[in-house]
There are 2 protein chains.
Amino acid sequence: METPVRRKPALARKSPKVPALPNSIAEPRRPRGRPRKTIDELDDGNRRRKLIDGAARLFRTKGFDAASTRDIAAAAGMHSGSPFYHFKSKSALLYAVMSEGMSLAVQSQKNALAGVPPAASAREQLRALVRNHFEVLLGSKSDFIPVMLYEWRSLTPVQRKGIAKMKDEYEAPWMPVLMALARQGDLKADPAVARLFIFGALNWSVQWFAAKGGKTLDQLTEQALALFIRED
Amino acid sequence: METPVRRKPALARKSPKVPALPNSIAEPRRPRGRPRKTIDELDDGNRRRKLIDGAARLFRTKGFDAASTRDIAAAAGMHSGSPFYHFKSKSALLYAVMSEGMSLAVQSQKNALAGVPPAASAREQLRALVRNHFEVLLGSKSDFIPVMLYEWRSLTPVQRKGIAKMKDEYEAPWMPVLMALARQGDLKADPAVARLFIFGALNWSVQWFAAKGGKTLDQLTEQALALFIRED
DNA sequence: CCTACCGATCGGTAGG
DNA sequence: CCTACCGATCGGTAGG
């Protein structure tokens, strides 16, 4: 599933944009033994990163189909053909965005749950899940998950399975919490349906949330809990 | 805002696909006075209808950008250039889909509210609104509103204003009902935020609802009310 | 509404 | 990673 593969060995060489320099400066002597990371390899990591970040932003703002690989290349400071050195297709780039987004979301959710005291109520656990979900949807890295949510259909079937697995992992902790709340009478709907409604309510916030002037993510979390869960 | 305009006067003439018939049959004599609708004009209505319906379905299943005007033409039994006889651009066709969808939704909602007894509780009124919203999202004409919800960004700014107006009209009856529920203590969240969450929960159902095997729209309605509104 | 077409753009590739 | 390019497709149009 790790799609991107470089097509040629990365050879250290001068950037074509930089004017030629004396050899002693442009090509520092290599130390003996296993070759260290070359300047190009480090740079390559940056380029890949810039491609993924730019793609995430463009896929979110314009949609997958309307964002051209030329747009994405330009956003990363490259020329039109270069993204295909890092990703074998536009769809592989989409997969990379979604897959990275889901990794971040799963990790972020694990951290959030780890911060909840072991004896915390189901209500406290749901609060942590909801608060983290808003962070994932609307926080600093907020291009990735909206792309995942809204560009699902542009994946190939195989890619879709990969993302679905990460989505299952992300959603897994929610059901036991909702079932506990239903058991104690604080959630009145069937937990399976409630889960779908609640995710919908939260996911839809990317359509209307405006960071400026609006509510904070903490406030949104409190409102969501007040709406879904009985207090008494 | 009524974008589609025919470019030439609609002259009654034989369909090119149909073999030539004797004049007396193919071209019935016109009665005196203001011309009645000709066969071609009736047919034109059918064609326009087929274009809009096919576009709605293709925009929903493939997305606006991925659905080509050739696809849409083929779905209506036409050749590639012909949709542009009925609509001046692909985006005008999108607008027609959304605008028709919103008209249907507004009308359907009016009927639903008219069926609620005058002295009905706020809860009953919300039930009618939610039930109708599911019908509009998931019922028989269910391609139109999902397109409206998910292809918003492909409209021109001017078109967007037109749709926004219809959306405001559709959403208007919800706030008083939610405010009444909040006043009587059956809705615990701020009504303005609750409205956004509730629409999100319902709108998201187009992502997971499968007509076969799943819940009925009545059951979904009851679950939604149970989730959002206190019973006691 | 069809036929025949156009310019623009797109994803992707070869070769260095 | 750039340069130069290709075939395919797309929205749209003229002319009948």
Side-chain angles (χ1 to χ4, degrees), chain A residues 3-18 38-51 54-55 58-59 62-95 154 156, chain B residues 3-18 38-51 54-55 58-59 62-95 154 156:
Chain A
T3 29
V5 187
R6 54 171 15 122
R7 292 199 183 110
K8 305 175 184 186
L11 299 174
R13 61 201 189 286
K14 292 170 281 190
S15 162
K17 282 277 177 68
V18 172
T38 65
I39 290 173
D40 260 66
E41 279 165 0
L42 285 172
D43 201 41
D44 186 52
N46 279 335
R47 300 303 201 142
R48 204 187 133 89
R49 177 105 304 279
K50 287 180 89 165
L51 277 173
L58 286 163
F59 288 159
K62 310 180 73 170
F64 176 76
D65 289 308
S68 72
T69 56
R70 281 163 173 81
D71 291 339
I72 296 165
M78 297 175 180
H79 287 258
S80 70
S82 303
F84 298 97
Y85 172 74
H86 297 276
F87 296 92
K88 75 162 191 281
S89 67
K90 189 185 180 187
S91 138
L93 188 44
L94 176 63
Y95 184 81
S154 295
T156 68
Chain B
T3 29
V5 186
R6 52 172 17 123
R7 293 201 182 109
K8 304 174 183 187
L11 298 175
R13 62 199 190 288
K14 293 170 281 188
S15 161
K17 283 277 177 67
V18 172
T38 64
I39 289 173
D40 259 67
E41 279 166 0
L42 284 172
D43 199 42
D44 187 52
N46 279 335
R47 301 306 201 138
R48 203 188 136 90
R49 176 107 304 280
K50 287 181 87 165
L51 278 173
L58 286 163
F59 289 159
K62 309 179 73 168
F64 176 76
D65 289 308
S68 71
T69 56
R70 281 162 173 81
D71 292 339
I72 295 165
M78 296 176 181
H79 288 257
S80 71
S82 302
F84 298 98
Y85 172 73
H86 297 275
F87 297 93
K88 74 163 193 276
S89 67
K90 188 185 182 186
S91 139
L93 188 44
L94 176 63
Y95 183 81
S154 295
T156 68

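Chain A is the first sequence line, chain B the second, and so forth, proteins listed ahead of strands; every chain is numbered from 1. Note that the structure is a prediction, hence the values are computed from the model and not measured.
Going from atom OH of B:Tyr85 over to atom P of C:dC2 covers 11 Å, rounded to whole Å. Rounded to whole Å, the distance from CZ on A:Phe84 to P on C:dG12 is 5 Å. Atom P of nucleotide D:dC2 and atom CG of A:Leu51 are separated by 10 Å, given to the nearest angstrom. Between A:His86 atom NE2 and C:dG12 atom P there is a gap of 15 Å when expressed in whole angstrom units. The CZ atom of A:Phe87 sits 13 Å away from the P atom of C:dG12 (whole-angstrom rounding). Distance A:Leu93 CG to C:dC10 C1': 15 Å, rounded to the nearest Å.
The residue B:Ala67 sits close only to the backbone: its heavy atoms come under 4.0 Å of sugar-phosphate atoms, none of a base.
For A:Lys50, the side-chain contact (heavy atoms from CB on, under 4.5 Å) partners are A:Ala76, not counting sequence neighbours. Under the rule for a side chain to side chain donor-acceptor pair (under 3.5 Å), A:Asp65 has no partner lying at least two apart in sequence or in another chain.
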Open item on the list: Taking Watson-Crick (N1-N3 plus N6-O4 or O6-N4) and G-U wobble (N1-O2, O6-N3), each under 3.5 Å, can you produce the dot-bracket string of DNA chain C? Use [ ] for crossing pairs and | for inter-strand ones.
Closed with: ||||||||||||||||
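Position along DNA chain C of the nearest nucleotide to A:Phe64 versus B:Met78 favours B:Met78 as the more 5'-ward residue.
Side-chain N/O atoms of A:Thr69 include one lying less than 4.0 angstrom from OP1 or OP2 on C:dG11.
Between A:Phe84 and A:Thr69, some side-chain heavy-atom pair lies under the 4.5 Å cut-off.
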Show each protein N/O and nucleotides 3-8 of chain C N/O combination with a separation under 3.5 Å, one pair to a line.
unit_1 : atom_1 : unit_2  : atom_2 : d
C:dT3  : OP2    : B:His79 : ND1    : 3.4

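Considering only the side chain of B:Ser68, D:dC10 comes nearest among D:dC10, C:dG12, C:dG11.
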